[in-house]
Amino acid sequence: MFGSIFLERLVSQSAQRRERAAMEDATTVATEAIVSIRTVQSLGLLVTFSPVVFSLPSGRHMVVSVAGVERVFLRRFEEALARAHAAVAPGGWWRGLVLGLDLYVPFMIFCSVLVYGAILVAREGFAYNNVMLVNGALMYGAYMLGQALVMAPGFDAARMCSARILAVVHREPKVKTEEGVKDNENWAATGSFSIKNVEFSYPTRPHQRILKGVNLEVKAGQTVALVGSSGCGKSTILQLLQRYYDPDSGTIELDGREVRATLSLVRLRRQLGVVQQEPVLFNRSLAENIAYGDTAREVPMNEIIDCAKAADIHNFILTLPQGYETNLGASGAQLSGGQKQRVCIARALLRRPRLLLLDEATSALDANSEKAVTRALERAAEGRTCVTVAHRLSTIKDADLICVLDKGKIVERGTHAQLLSLQGRYWRMCRGQHAA
Ligand SMILES: Nc1ncnc2c1ncn2[C@@H]1O[C@H](COP(=O)(O)OP(=O)(O)OP(=O)(O)O)[C@@H](O)[C@H]1O
């Protein structure tokens, strides 16, 4: 029985690994398709409906009518389930054998002990009550061992799951508050920052240098725009400012303090408000979504309303039947792109950031929404430092400093007028967009 426990564990361990990998694949496909349900449906619109039959690991079948691209997703899902099924099936036979042994061995022991005990009693005058005693002990022991065997696969699965959970729990992030850095809760930046000789490669592509010696000095209250062709490293600079990564060499300073060596991560990020191209909202009320800007305190309603006004979304919120209590649904599905973006601006403003980072905040919007969001952003940028990444040059004409990046280097810098008079790269970009 011990031997079968050992073998069963060997077989089920490798099967569980394969099953888990296949089930993860299936879940990824399903999650991807459900999260992007509109895209999936829109891509599949033109194709006629036809039935697809699924074999589930349980052995049952499921018939679903699907179209076009949706069908592709379902097919991928089915293939992943089939792999999970293939991983589990051989293990199932083996488990069946072990369970059969569980039932067979105790009865075999019972019979053997009775026969052998009877022989001992008849031939050697062995006390019959000892035979009963040994029989009972063996039967009970074997029964208990069998019970433990039934639990063995579940125990192994639980052990493997806990190992994965603990690996995540104990994972040390590479970017963290450095040892010995004391956090001063009352410290607030004025908003000036500098980037000195920063070189950087993403850890997943260490040989591809993204920033190659970037230098930038920005005074408190200034608006600086980063422009350049796609992939030149604009968003990467914003990520380094937020310390999602640390530069390979060079330094980033906020108010003259090197962010890595002198500021705690929480204090640094407390100074920043970020608005990204894709607004991210939670399945909560409008008020809660805005209040998430500052989770360190209970945000009073009047402050939420002030930020919504500054972000130019207050009047729209008042037209909703439930006003600030309106639940936004998953990913803010009940708002337009421009409205979502303005809620995100209100959330960023609630942090009272000293440094506002705008990563192509208007590029996903139509002309009307863009105007409303640009207005809100201009108001939001008043009195604070603002770093904006933009493709549409018309939106950054008034910036105090425009930096043109190319292949990880700032190749031109100055105001809109200065850069136009240079007739260099910026000038050519403006001519391409008719923004000169
Ligand atoms: N997490 C990442 N891991 C590896 N490489 C990355 C990662 N994020 C971005 N990159 C690469 O870094 C380079 C610069 O990306 P970045 O997002 O900074 O460009 P960008 O100038 O903001 O481009 P865009 O204007 O298209 O948003 C690109 O070549 C991109 O493929």
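Indexing begins at 1, ligand by ligand and atom by atom, following the structure's order.
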Please write down residue, atom name and distance for the protein heavy atom closest to atom 18 (O) of ligand 1. T236 OG1, 2.5 Å
Identify, for atom 10 (N) of ligand 1, the protein heavy atom at the shortest distance, and state residue, atom and that distance. Y202 CE1, 3.4 Å
Could you check I402 against V227 for side chain to side chain contact (heavy atoms under 4.5 Å, CB included), going step by step and ending with a plain yes or no? CA-CA 7 Å; I402 297 170; V227 300; 4.0 Å; yes
Close N or O approach (I210, ligand 1; < 3.5 Å): no
Assess whether a salt bridge exists between E24 and R164, defined as any Lys/Arg side-chain N lying under 4.0 Å from an Asp/Glu carboxylate O. yes
If the threshold is 4.0 Å, N to carboxylate O, is there a salt bridge linking R75 and E79? no
Around atom 22 (O) of ligand 1, find the nearest protein heavy atom and jot down its residue, atom name and distance. S235 OG, 2.7 Å
Check whether any heavy atom of H391 sits under 4.0 Å from an atom of ligand 1. yes
Check each heavy atom of R205 against ligand 1 and say whether those closer than 4.0 Å belong to the side chain, the backbone, both or neither. side chain
What residue and atom, counting heavy atoms only, is the protein's closest point to atom 27 (O) of ligand 1, and at what distance? E360 OE2, 3.2 Å
Among S230, S201, A390, G231, closest by any non-hydrogen atom to atom 19 (O) of ligand 1: G231
Any luck finding a side-chain donor-acceptor pair between T236 and Q239 under 3.5 Å? no
Would you tell me whether S235 and D359 have side-chain atoms, one donor and one acceptor, within less than 3.5 Å of each other? yes
Would you call R413-E217 a salt bridge at under 4.0 Å N-O? no
Quick one: does ligand 1 sit under 4.0 Å from the side chain of Q208, the backbone, both or neither, non-hydrogen atoms only? side chain
For Y245, state whether at least one heavy atom is located under 4.0 Å from any atom of ligand 1. yes
For Y245 and F200, take the angle between the two ring planes, folded into 0 to 90°, and tell me which bin it lands in: parallel under 30, tilted 30 to 60, perpendicular over 60. tilted
Does even one non-hydrogen atom of G233 get within less than 4.0 Å of ligand 1? yes
Atom 3 (N) of ligand 1: the protein heavy-atom neighbour that sits closest, reported with distance to 0.1 Å: T204 OG1, 3.3 Å
Please examine the side chains of M429 and V404, heavy atoms only from C-beta on, and report whether any two atoms are closer than 4.5 Å. yes
